[in-house]
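Okay, so here's the structure we're looking at.
Everything numeric in this text was worked out from a predicted model, so none of it was measured. Counting begins at 1 with the first residue of the sequence. Values below: all heavy atoms of this structure, side chains included; hydrogens, waters and symmetry mates excluded.
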Amino acid sequence: MTCEELEALRLALMNVTGTADESVRQHAEAELGETLDDDGPIAALADATTLAEIQRHLDAALVDLEEEAMQADPDDPQGAYLRGRVVAVRDAQRTVRRLRTETDALLDDLGEAHHTLHETFPVEE
């Protein structure tokens, strides 16, 4: 059993940031295997190219994972592993939300800086 959500998230973040570490990409793709060929949220997450897509597909993947963890036998070690994955993916989900919030704030700050620059140094066209 692999941490599909986290490996797919790594691939998505590599897409967004333009990181081209081929060994990391190959490792993640090997971990995900045939899951990348499915139509589910893991494959969609791995292919995401924007933070909005990452957030949406990670949310969907978490819903599926939580359902799987709830159905697991509480005494089965695999069930404990699934619950651990839920915790790790929820943490990643919060981090992606913070990243998106901070990125949106940066965009706002750049807009304000641009506006202030034009107020300070008006340009006649």
May I ask you to check whether [X] and [Y] show a side-chain donor-acceptor distance below 3.5 Å?
| X | Y | answer |
| --- | --- | --- |
| Asn15 | Arg25 | yes |
| Thr116 | Glu112 | no |
| Glu119 | His115 | yes |
| Asp21 | Ser23 | yes |

Requested in this report: For Pro74 and Arg83, work out which heavy atoms get closest and say how close.
Outcome: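 Nearest pair, atom of Pro74 first, then Arg83: O-NH2, 3.5 Å.
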Query raised in the report: Which heavy-atom pair separates Ala61 from Pro41 by the least distance, and what is that distance?
Result: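 The answer is N-CB, 3.6 Å.
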So how far is it from [X] [atom1] to [Y] [atom2], rounded to the nearest 0.5 Å?
| X | Y | atom1 | atom2 | value |
| --- | --- | --- | --- | --- |
| Asp47 | Leu11 | CG | CG | 8.5 Å |
| Asp59 | Leu45 | CG | CG | 10.0 Å |
| Ile54 | Thr49 | CD1 | OG1 | 8.5 Å |
| Glu67 | Leu82 | CD | CG | 12.0 Å |
| Leu58 | Gln55 | CG | CD | 8.5 Å |
| Leu36 | Glu4 | CG | CD | 9.0 Å |

Query raised in the report: Looking only at atom types and distance, does a side-chain atom of Asp73 sit under 3.5 Å from a main-chain N or O of Asp75, one as donor and one as acceptor?
Result: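 Yes, the answer is positive, given that a donor and an acceptor are paired below the 3.5 Å cut-off.
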**Report entry** Backbone N/O of Asp91 and side chain of Thr95: donor-acceptor pair under 3.5 Å
**Finding:**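 Indeed, once roles are kept as given, a pair shorter than 3.5 Å links the two residues.
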Query - Close side-chain approach of Val96 to Leu9, heavy-atom, < 4.5 Å - result: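 Sidechains of Leu9 and Val96: in contact.
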**Report entry** Student check: side-chain heavy atoms of Val89 and Leu6 closer than 4.5 Å
**Finding:**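 Yes, their side chains come closer than 4.5 Å.
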Report task. Determine the sole option in Glu66, Glu5, Glu7 for which the salt bridge (Lys or Arg N to Asp or Glu O under 4.0 Å) test with Arg85 is passed. Result ->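 Of the listed options, the one satisfying the test is Glu5.
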